[in-house]
Amino acid sequence: MEKPRVRFAPSPTGALHIGGVRTALYNYLLAKRFNGTFILRIEDTDQTRYVPGAEKYIIDSLEWLGLSIDEGPGQGGEYGPYRQSERKALYGKYAQQLIDNGHAYYAFDTPDELDKRREEEKEKGKHSFKYDAGMRMSMRNSLSLPAAEVEQLLSSEAPYAIRLKIPTDEVVLINDIVRGEVRFQSNELDDKIILKGDGMPTYHLANIVDDHLMKISHVIRGEEWLPSTAHHILLYRALGWEETMPVFAHLPLILKPNGKGKLSKRDGDKLGIPVFPLSWEGATEEESFKGFREFGFLPQAALNFLAFLGWNPGTEQEMFSLTELCEAFSLEKIGKAGARFDIDKAKWFNQQYIIAQNNATLAEMVRPMIAAKGFSPNTAFLQTFCGMMKERVTLLPDFWTAGYYFFSNELEYDAKTVRKKWKPENKAFFAEIKQLLASLDPFEAANIKTTIVGHMEANELGFGDVLPIVRVAVSGTVKGPDIFEIMELLGREEIQVRLAKGFATFDEMKAPSA
RNA sequence: GGCCCGUUCGUCUAGGGGUUAGGACGCCAGGUUUUCAUCCUGGUAACACGGGUUCAAAUCCCGUACGGGCUGCCA
């Protein structure tokens with residue numbers, strides 16, 4: 001394949017939805033697979049929906065995931081500018097060209113008039129108002145109005161839009177890489193607005209002009225664009241660019257975890273799952289969302305998970321680094337059906353990636369979280385901690401929730417274990433254990449184990465009588481890494497403190513409530 | 001309503017005329033472990049339905065049902 005030039009073209013209207021992230025990923029993968037170019041283009045032609053900060057959010061998100069941009073705003077490139085608002089003049093020129101060669105016309109109907117017409121049609125029965133070949137002669141445009149009136153309207157202040165004049169009785173054939181041949185009857189198509197009253201193009205025009213000028217080879221986008229693709233092909237044809245038209249690949253949608261419909265930002269809050277890569281601070285809490293990153297997902301895991309939502313390599317390999325993804329990717333292997341978002345699978349990927357991470361890397365990821373809780377352990381301690389805990393967490397914050405006792409000795413003791421295992425007749429034994437450990441040197445796991453087990457056997461006690469109590473006194477819980485290793489890490493003095501405090505507290509817990 | 005797209009275990013999917021319909025997540029059971037987790041072994045579970053075509057259909061064709069998308073001077 002020749003070096004592809006692909007673009008990810010989001011609209012800066014807020015946080016970038018996870019579906020958009022996947023679109024970006026697939027574009028990136030195709031580009032890298034064949035040594036091509038990945039372009040970021042900002043589609044900000046709707047000034048009313050523009051949200052400050054959204055562009056930065058998009059760029060930050062791609063960066064977090066490691067999807068580096070070859071050309072784009074801030075990145076430069078020979079086909080810029082890469083913000084459509086900065087290309088405004090260009091579109092007017094091509095719209096004019098379409099008017100001149102009869103493929104487009106001026107439309108003077110105001111938005112209010114159009115709304116009214118839609119309402120009327122709806123009341124008449126079906127909501128089938130379509131500004132098409134059958135309807136345009138009864139609307140106010142340069143096709144239906146006398147030339148003199150058109151002249152007059154154009155030279156007046158009256159705003160106007162430019163519409164694409166859809167030809168009649170044609171079949172538009174789309175050759176979609178994921179869907180095969182898709183046909184549309186031109187008679188079913190409406191005369192889409194291509195240039196708005198404010199002089200800005202709509203998506204349809206801007207998209208075609210930019211893709212052509214930027215020499216885009218593949219348009220990889222969501223399935224929601226399939227219905228308007230016929231318009232796009234007609235536009236290429238009208239502009240005389242059909243020969244070099246990019247090929248299309250329409251991606252299946254990402255669906256809600258339960259129920260049907262496409263995943264929406266609402267689902268995030270409702271189900272407590274992330275649907276955005278990064279957190280987004282909206283004007284209100286309603287418009288703010290927590291991202292994959294803040295949930296504690298590693299970017300590699302989010303990427304791997306997303307890649308498999310709608311694509312798979314055809315082999316049984318599941319774990320893929322970005323580099324491996326680049327080598328294995330192909331558009332032909334993209335599925336047709338919508339893929340449901342499965343948070344359990346995402347978590348499983350995350351767990352796998354956390355385990356695969358080396359302790360030093362993990363320590364630096366976890367450090368800020370621990371610091372936020374008011375603790376600043378040294379690096380060696382933190383690395384050992386991560387090594388001991390990494391097989392027991394799925395999300396990054398679990399390091400704290402499941403391992404807080406490595407840092408704090410304000411423990412929450414497991415009441416059930418205390419109730420069952422803290423027996424009056426064994427109190428002396430535990431006091432002796434504490435005594436034995438007080439002078440143990442070196443204070444190392446193997447040593448500690450020998451000491452405890454030895455004393456245990458001498459007193460004819462079993463593991464079940466001893467270890468749960470020691471474990472709860474040290475960590476508060478019966479869950480966790482090897483207890484002797486925990487003790488070694490915490491050190492002799494700290495263990496003395498915890499044993500003393502634990503045994504005393506157990507007495508209180510067992511005391512009959514007065 | 002119209003147009004378009006889709007449909008294999010609960011979920012992500014492999015398989016594209018002849019397979020015991022494969023894998024992964026989840027779930028269940030067992031093993032390992034002082035505990036938890038990891039890990040290992042096993043189990044559960046699917047071709048939406050109806051017609052064709054064919055010696056043979058999950059696979060090709062048509063229809064039905066269901067689901068989804070689009071139907072804006074939004075992208």
Side-chain angles (χ1 to χ4, degrees), chain A residues 9-13 20 43-46 48-49 107 109-111 114-115 118 122 125-131 159-163 174 176 178-179 182-185 188-190 192-198 200-204 206-207 221-230 250 252-253 255 257-262 305 308-319 333 335-349 351 355 388-394 402 417 449 452-453 456 462-468 470-472 475 477-484:
Chain A
S11 185
T13 55
E43 310 235 329
D44 55 350
T45 53
D46 186 349
T48 65
R49 294 214 308 159
D109 323 88
T110 66
L114 291 169
D115 282 347
R118 283 194 194 92
K122 206 169 177 177
K126 290 157 190 165
H127 52 111
S128 60
F129 174 79
K130 217 188 306 178
Y131 206 122
Y160 60 84
I162 294 179
R163 282 182 187 268
I174 297 167
D176 190 275
V178 347
R179 274 148 227 289
V182 181
R183 270 162 244 273
F184 288 88
Q185 303 293 326
E188 299 282 353
L189 274 25
D190 64 334
K192 287 246 182 288
I193 287 179
I194 56 175
L195 202 76
K196 302 184 271 191
D198 63 1
M200 277 291 197
T202 57
Y203 172 87
H204 308 293
N207 175 256
R221 68 209 331 184
E223 189 186 1
E224 68 268 28
W225 291 108
L226 194 51
S228 53
T229 304
H250 287 96
L253 267 15
L255 276 17
N258 46 22
K260 312 285 186 179
K262 74 174 170 184
F305 166 67
F308 272 71
L309 241 38
W311 171 86
N312 88 87
T315 65
E316 290 187 353
Q317 183 181 348
E318 299 258 356
M319 304 294 292
K333 291 240 170 247
K336 297 176 183 17
R340 220 165 288 189
F341 184 96
D342 179 7
I343 193 66
D344 284 332
K345 191 78 175 252
K347 284 181 179 171
W348 175 80
F349 272 116
Q351 183 180 43
I355 291 172
M388 288 166 78
M389 289 301 292
K390 69 181 177 185
E391 284 175 359
R392 282 160 251 265
V393 303
T394 54
T417 302
K449 181 174 184 179
I452 293 180
V453 173
M456 184 184 95
F463 284 100
D465 300 315
V466 179
L467 273 343
V470 174
R471 188 177 274 282
V472 172
S475 70
T477 172
V478 289
K479 302 177 180 180
D482 185 282
I483 184 60
F484 307 114

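Here is the naming used below: chain letters follow the sequence lines, and residue numbers restart at 1 for every chain. As a basis for the values below, the full set of heavy atoms in this structure was taken, side chains included, without hydrogen atoms, waters or symmetry mates.
The CG-C1' distance, from A:Leu253 to B:C5, rounds to 10 Å in whole Å. Atom-to-atom, NZ of A:Lys336 to P of B:U59 comes out at 15 Å; the value is rounded to the nearest Å. Rounded to whole Å, the distance from CG on A:Asp176 to C1' on B:G69 is 14 Å. Rounded to an integer number of Å, the gap from NZ of A:Lys390 to C1' of B:C36 is 17 Å. Per the geometry, CG belonging to A:Asp109 stands 14 Å off P belonging to B:G72, to the nearest Å. Following rounding to the nearest Å, A:Asp342 (CG) and B:C27 (P) show an atom-to-atom distance of 11 Å. Rounded to whole angstrom, the span from the CE atom of A:Met456 across to the C1' atom of B:U34 amounts to 8 Å. Between A:Tyr160 atom OH and B:C73 atom P there is a gap of 17 Å when expressed in whole angstrom units.
Base pairing annotation: B:G16 forms no Watson-Crick or G-U wobble pair, as no partner gives both donor-acceptor distances under 3.5 Å. Using Watson-Crick or G-U wobble geometry with both donor-acceptor distances under 3.5 Å, B:C70 finds its partner in B:G2. Searching all strands for a Watson-Crick or G-U wobble partner of B:U64 with both distances below 3.5 Å returns B:A48. Remark: B:G30 base-pairs with B:C40; criterion is Watson-Crick or G-U wobble with both hydrogen-bond distances under 3.5 Å.
At a threshold of 4.0 angstrom between heavy atoms, the contacts of A:Asn207 with the nucleic acid are absent. Residue contacts shown for A:Tyr203 include a base, since a base heavy atom lies under 4.0 Å away. Nucleic acid contact for A:Pro111: base, since at least one base atom lies under 4.0 Å from a heavy atom of the residue. Across all strands shown, A:Ile193 has heavy atoms under 4.0 Å from base atoms, whether or not it also approaches the sugar-phosphate. Within 4.0 Å (heavy atoms only), A:Pro252 reaches no atom of the nucleic acid at all. Looking at heavy-atom distances under 4.0 Å, A:Asp482 makes contact with a base. Among the atoms of the strands shown, none is found under 4.0 Å from any heavy atom of A:Gly222. Among the heavy atoms of the strands, none lies under 4.0 Å from A:Leu189.
Of the candidate nucleotides B:G69, B:U11, B:C25, B:C25 has the atom lying nearest to any side-chain atom of A:Lys345. With distances taken from any side-chain atom of A:Glu316 to the nucleotides B:C70, B:C4, B:G22, the minimum falls on B:G22. Side-chain proximity of A:Ala337 to B:C4, B:U35, B:G6: nearest is B:G6. Closest to the side chain of A:Val182, from the set B:A14, B:C4, B:G26, is B:C4. The listed nucleotides are B:C12, B:A75, B:G6; the one nearest the side chain of A:Ala339 is B:C12. Comparing atom distances between the A:Arg340 side chain and each of B:U35, B:A75, B:C12 picks out B:C12 as nearest. In the set B:A75, B:C73, B:G26, the nucleotide with an atom closest to the side chain of A:Arg49 is B:A75. Here the nucleotide nearest the side chain of A:Lys262, chosen from B:G69, B:U35, B:G6, is B:G69. When each of B:A75, B:C4, B:G23 is scored by its nearest atom to the side-chain atoms of A:Thr202, the top-ranked nucleotide is B:A75. Comparing B:G23, B:C4, B:G15 by their closest approach to the side chain of A:Phe184 singles out B:C4.
Remark: A:His204 NE2 to A:Leu195 CG distance equals 12.5 Å, nearest 0.5 Å.
Judged by distance alone, with hydrogens and angles left aside, the side-chain atoms of A:Lys196 form a donor-acceptor pair with the main-chain N or O of A:Thr45 at under 3.5 Å. Judged by distance alone, the side chain of A:Arg392 and the main-chain N or O of A:Met388 form a donor-acceptor pair under 3.5 Å.
A sub-4.0 Å separation between OP1 or OP2 of B:C74 and a side-chain N or O of A:Lys196 is present. Side-chain nitrogen and oxygen atoms of A:Gln351 include at least one within less than 4.0 Å of the OP1 or OP2 phosphate oxygen of B:U38. OP1 or OP2 of B:A75 lies within a sub-4.0 Å distance of a side-chain N or O belonging to A:Thr45. In this model, the phosphate group of B:C4 is not approached by any side-chain N or O of A:Arg183 to a distance below 4.0 Å at OP1 or OP2. In this structure, A:Arg118 reaches the B:C73 phosphate: one of its side-chain N or O atoms is under 4.0 Å from OP1 or OP2. Contact annotation: A:Lys333 reaches the phosphate of B:G15 (side-chain N/O to OP1 or OP2, under 4.0 Å).
Checked against a 6.0 Å centroid threshold, the rings of A:Trp225 and A:Tyr203 count as neighbours.
No hydrogens or angles were tested; on distance alone, a donor-acceptor pair under 3.5 Å links the side chain of A:Arg392 to the base of B:C36.
Within the 4.5 Å cutoff, the side chain of A:Lys333 has no heavy atoms near those of the A:Val178 side chain.
Look at the C1' atom in both B:A45 and B:C25: the space between them is 13 Å, to the nearest Å. B:G69 and B:A75 have their C1' atoms separated by 14 Å, given to the nearest Å. Taking atom C1' on both B:C47 and B:G6, the two are 15 Å apart, rounded to the nearest angstrom. Comparing B:U59 with B:A14, their P atoms sit 16 Å apart, to the nearest whole Å.
Side-chain atoms of A:Thr202 and A:Arg163 form no donor-acceptor pair, as typed in the model, at a separation below 3.5 Å. Side-chain N/O atoms of A:His250 and A:Arg221 include a donor and acceptor closer than 3.5 Å.
Using cut-offs of 30° and 60° on the angle between ring planes, the pair A:Phe349 and A:Phe308 is tilted.
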